[in-house]
Structures are given as C-alpha cells and as structure tokens.
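Every chain is numbered from 1, with letters handed out A, B, ... down the list of sequences. Values below: all heavy atoms of this structure, side chains included; hydrogens, waters and symmetry mates excluded.
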Amino acid sequence: MELNEQELVRRQKLEELINHGINPYPAETWEVTARSAEILEGFDSDPGKFGDVTLAGRIMSIRDMGKASFIVIQDSSGRIQVYLRRDDISHGDDTSPYDFLYKKMLDIGDIIGIRGFVFKTKMGETTVHVKELKLLCKTLRPLPVVKTDADGNQHDAFTDPEMRYRQRYLDLIVNPSVRETFMMRTHLTRSMRQFLNSKGYLEVETPILQPLYGGAAARPFKTHHNTLDMTLYLRIANELYLKRLIVGGFEGVFEFAKDFRNEGMSRFHNPEFTQMELYVAYKDYEWMMNLVEEMVERIALDLHGKTEVQVGEHTINFKRPWKRFTMYEAIAHYSGIDITNMSEEQLSLAAKDMGIHIDKTMGRGKIIDEIFGEKVEPHLIQPTFITDYPVEMSPLAKKHRSKPGLVERFEAICNGKEICNAFSELNDPVDQRKRFEEQLELGRRGDEEAMQLDEDFLRAIEYGMPPTAGLGIGIDRLTMIMTDSASIQDVLFFPQMRPEIREEA
RNA sequence: GAUUCCGUAGCUCAGCUGGUAGAGCAUUACACUUUUAAUGUAAGGGUCCUGGGUUCGAGCCCCAGCGGGAUCACCA
C-alpha cells in the first residue's frame, strides 16, 4: 500500500507513542459522565450543575497557542470546545502530557478522553478546561477538515457525492447534518411502529428468501440454496405472506421489510429498500385511507412538532383530511379530458394528443397509468389520495363494490411521488386464481414483471381470508420527504454503488 | 440503457492558445498560556482516473475504457 506523507507521519507517531509506553489503543472503559450537548444546554442556566465532567470524542480542530490551546471535540451529541493549558495537565515538572502527547502526537481525527471543569471563555463560549487528557484511539488517516466561519459559511465542505456514499463514516464524522437525517429516519420508523403498536397490531417477520416471489410487479434477484439445491428469490414484497397470517387468524399484522428489486437505479430507486406493510382484517380501503392520514400526520408532528414540512421549495402540510380524487377525476381535473367511458382506441388517441408515448403492448390500464404519471402525478405536491384504479393493474386488489372495471385501491401521492399503495384485499379465491392466470399470460407475452402463480397462497385463501385492508408504505420515500432529501442515497447509510476497484473477469 | 457534465496534493478547488503543475486548508519545523475559518515565519507533499493516439512537446486535443453526478428511459 502506497502511503502519503500524512499517513507516514501518523504511523511514525504511533511507533513513538508505543516507545514512550503510551498505548494508542487502550482497552479499559473510559467512563463518560457528560455529553457535549448537555453541557452546552445546561451550563448557562445552572453553572454549578457540572462539577468535573468526563468526555470522550474525536478531535475536530486544533488552535494551538504555545503553552495553551483550544481544540474542538465531537461526541455523539455534537461538538464542544476544550481548553488545554500545559501547566494544568502536567504531572508536577513533567510537562510531557502537553509538550509530547498533545503537541507532538495528537492530530485532528484522533479520539481522546478528557476530564475537567466547565467554564465560559472571554468570548462567551462554554468550554471544558482540561485537567486530564488520555489518548483513546490514534488515527492513521487524515480527516477532511471542514471549517465554518463566524457567519456560518462552510469552507472546503466535504461534498464529493461518491466519497460521501462510499465512505459514509467520513460523511457522518464531518457533516453533522447527515447524522441528523439518519436520526430522523430512525425517529420516523419508531413513530410509525409506536402508532401501529398502539392500535394493537402485531409486528411479525416473514421470509426474505422465497421460492416464489410475489406481491408486486417487479423483477427479482435470484439466488441458490445449496443443501436444498433449489432456486430462491429475494422478496420483492411480503404481501402474500402477511395475508397468509390474516388467514391464520391474526387481525392486524405489520412488518418493516427490506425488499429487493432487480431494476434500474435512480435518485428514487435503490435495489434494496424498505417498505412497511400492514394488513388489518374486517376493514376496507376507505378505512385504510383514514389510518394513513392519521399515521403520517402523527409522524410529521413527532418529527417536526407541526404538520408542515419544508421540502425543497414547497411547504407540505400533512394535516388531515387530505384531498381525495378518483383516478378518473384527477385525470379530468389536470388534463381536462374525461376518460371514464373511453374505449381502448379512444384512450390511445387521447394519450397521443397529450404527447404521451404509447405502444401496442399497452392495455387500457397501462395507458391510463401513463396518462396519470405524465399529467397528474407531478402536480400533486400536497398529500393527495388517488382512488379506484383499473383492474388490469392490480391483480391482488378486490373489485370495486360499485364501479365495474375498477378495483378498491388507493395511492397517496406527495411531492409528486407515490408514498404508499393500498387496497381492499382480494379474498375471493376464484377471482384471485383468474387474476394470477392473467398474469401468467402477460408473462408468456414477455412481461418480465408479471406475477407468478402462487398455489399455496391460493390454497390459503381458499380456506378463507376475512375481508382485509392492506397497505404498503415506502419508508425511504417518506424519509426523503420528512428530511427534505433530494436523493434516496441521502437516506440510506450505504446506497448501492459499483465496486471501487473492478476485478478482472 | 441514452444524453450530458465531472475525475488535478489528504480535503476543497484553480490551471491561459498545447510549452518544466498552482492556491487555501491539512501536514512538518519554529514562535505564541482565553482562541474560534486563531496568527506569524519557513518547508515538504502530485500515477493530473486508466490505456492508447496526434504532436518536437499533452493536465489540456482525439479514441476507448473505469468511476460518479444530473436528466431521461425503465420502475411502485
């Protein structure tokens, strides 16, 4: 491995530390008694509250003034300034803790433990005055140094997207807002889980490795089990398993599921992503709409303390009730064309008039979907329910109770993107078999995303599944909105990337 | 997959018409006991993404490839 100058210097320091009897990687617990944020928040109101504090963290900056020095350390709660004075950390006449350990051996990026008292500097900054300093971890690579000036402007910000995603640990160390985003993501799932628990639904786990993939229209990842010598697929959805549990007698089940889809990547698509799916017996899609509104409004309140969330240039308000349109109403509203009674030929003509690309393989449902995606979806900034989809696009949804050709399905659209999908679940086993067979036919015609026929799932609902409302909600997409993130890569710790060094094939 | 932009020091970036590779921060040395983008003085640091080509001469021009971003296509 080729080492640069700074890496060589740090390795020399490492050796020198060991030669001086200082372990650069000590094993003992360093008892932390305070975090930077509590000190910064608590000191002004009650300066006496903190006696001696013990902190640990990473050195983020060094301002050295000879026999005294200011450094900034970062712990899990944030950053705090630390004041070091030679005479205060020396052992009698032995000034080596300052002159050797601190001045010669420590670098930005190193992890140290400090013990001292809290005070206010002349400039009014709450600071820890160090009495004891201990090296907890010597680092061998230099950290990108980002400086923030008095006006809050960042200098030399660490912004290269490739490095940020590949080396997320660096991104987290150096860019505090990244930590915030991911903490929000965890708060979001916690809030959602609490909401669902409070309703009495049961959180469950279902297989990720599936012999048949189902529950969505997507191409799967394929793998192989050696002992069974069989092909398995990484799940594209967990819908069919959760419904089996409803057959089994649970009245409400949900799962936060990692799903995998072998498709293109974009700022809205990662090959693996997280979905929360919920199934509740004896309910329908109308009921589920109310639940989604309530849940997402609750999440916005938990995360932001209010229902409004700033997303790019828009302020999105999740306050209930949300707007509701049927798909046909929405298309009529945004394109001025009522497609309710159009034949397939009339539809393709109408689509062409709107400048939408249509080909012969597209059926009625697909054309409607195209029109919707082109003419309506981008305009739906405020959370909006779109209901009653063409039956062709929804092989797992129940036929509409009163509107022929449609199913009882809704999506919530927000900031121009779908955030959830739900329906009154199809529990008529005869109809379900027919729908699967139509999917098989699509598959034979070359549709790589057509569903497989799941004989065991059919057997299950032949034993009887109560009327059930089902929901899938994209956690990544919802997090993007709640954290004002432009790319899915900003809400995944480790988004999928090509390998840095490609191996010879 | 298509189009387009980008790849130069550890980090952020300049680099003229093609003529010996630059800055700030970081690093090293010295000075400085309340600084805060600390400061002052001095020094070191480069596979200019990779491989070809054109040229007396390529960081720059041409071709191919690798990686990334954006837009589109695909897609719940």
Indicate, with a heavy-atom threshold strictly under 4.0 Å, whether A:Gln154 touches base, sugar-phosphate, or nothing.
nothing
Roughly how many Å is it from CD in A:Gln12 to P in B:G44, rounded to a whole number?
17 Å
Taking the side chain from A:Arg79 and the backbone from A:Val72, do they hold a donor-acceptor pair closer than 3.5 Å?
no
Using a heavy-atom cut-off of 4.0 Å across all strands, would you classify A:Phe268 as base, sugar-phosphate, or nothing?
nothing
How many Å lie between CZ on A:Arg267 and P on B:A73, as a whole number?
13 Å
Base, sugar-phosphate, or nothing for A:Glu418, non-hydrogen atoms under 4.0 angstrom?
base
Classify A:Lys13 by what it touches in the nucleic acid, base, sugar-phosphate, or nothing, heavy-atom distance under 4.0 Å.
sugar-phosphate
note: A:Asp369, atom CG; B:C74, atom P; distance rounded to Å ~ 11 Å
What I want to find out is whether A:Arg141 reaches A:Glu7 closely enough, with some N-O distance under 4.0 Å, to be called a salt bridge.
yes
Minimum-distance nucleotide (side-chain atoms of A:Ser266 versus B:G68, B:A73, B:U34)
B:A73
Could you tell me how far apart A:Phe158 (CZ) and B:G69 (P) are, to the nearest whole angstrom?
14 Å
Residue-phosphate contact under 4.0 Å: A:Arg63 side-chain N/O, B:A38 OP1/OP2:
yes
Given B:G68, B:C25, B:U35, the nucleotide with the shortest approach to the side chain of A:Met497
B:G68
Categorize A:Arg219 for me: base, sugar-phosphate, or nothing, with a 4.0 angstrom heavy-atom threshold over every strand shown.
nothing
Please work out which of the three classes, parallel, tilted or perpendicular, describes the rings of A:Tyr83 and A:Phe119, given edges at 30° and 60°.
tilted
For A:Thr121, which contact category applies under a 4.0 Å heavy-atom criterion: base, sugar-phosphate, or nothing?
base
Of the nucleotides B:U36, B:C11, B:U33, which has the atom closest to the A:Pro144 side chain?
B:C11
Examine B:U12: is either OP1 or OP2 under 4.0 Å from a nitrogen or oxygen in the side chain of A:Lys147? Give yes or no.
no
Regarding A:Lys138 and A:Asp107, does a basic nitrogen lie under 4.0 Å from an acidic carboxylate oxygen?
yes
Are any side-chain N or O atoms of A:Glu263 and backbone N or O atoms of A:Arg219, one a donor and one an acceptor, separated by less than 3.5 Å?
yes
Can you measure A:Gln6 atom CD to B:C11 atom C1' for me and round it to whole angstrom units?
9 Å
Which part of the nucleic acid does A:Asp64 contact within heavy-atom distance under 4.0 Å: base, sugar-phosphate only, or nothing?
base
Looking at the side chain of A:Gln489, which of B:A26, B:C30, B:A70 is the nearest nucleotide?
B:A70
Starting the side chain at C-beta, find the nucleotide from B:A70, B:U35, B:G67 nearest to A:Lys122.
B:U35
So what does A:Gln81 touch, heavy atoms closer than 4.0 Å: a base, only the sugar-phosphate, or nothing?
base
Would you mind checking if A:Lys258 and A:Glu272 are paired as a salt bridge, meaning a charged N to carboxylate O distance below 4.0 Å?
yes
Can you check whether any acceptor in the base of B:G24 is under 3.5 Å from a donor in the side chain of A:Asp156, or vice versa?
yes
Checking all strands, does A:Ala218 fall into the base, sugar-phosphate, or nothing category for heavy-atom contacts under 4.0 angstrom?
sugar-phosphate
Calculate the interatomic distance between A:Ile173 atom CD1 and B:G10 atom P; express it in whole Å.
18 Å
Look at all strands and tell whether A:Gln275 reaches a base, only sugar-phosphate, or nothing, counting heavy atoms closer than 4.0 Å.
nothing
My understanding is that a pair needs two contacts under 3.5 Å, Watson-Crick or G-U wobble. By that rule, which nucleotide pairs with B:A29?
B:U41
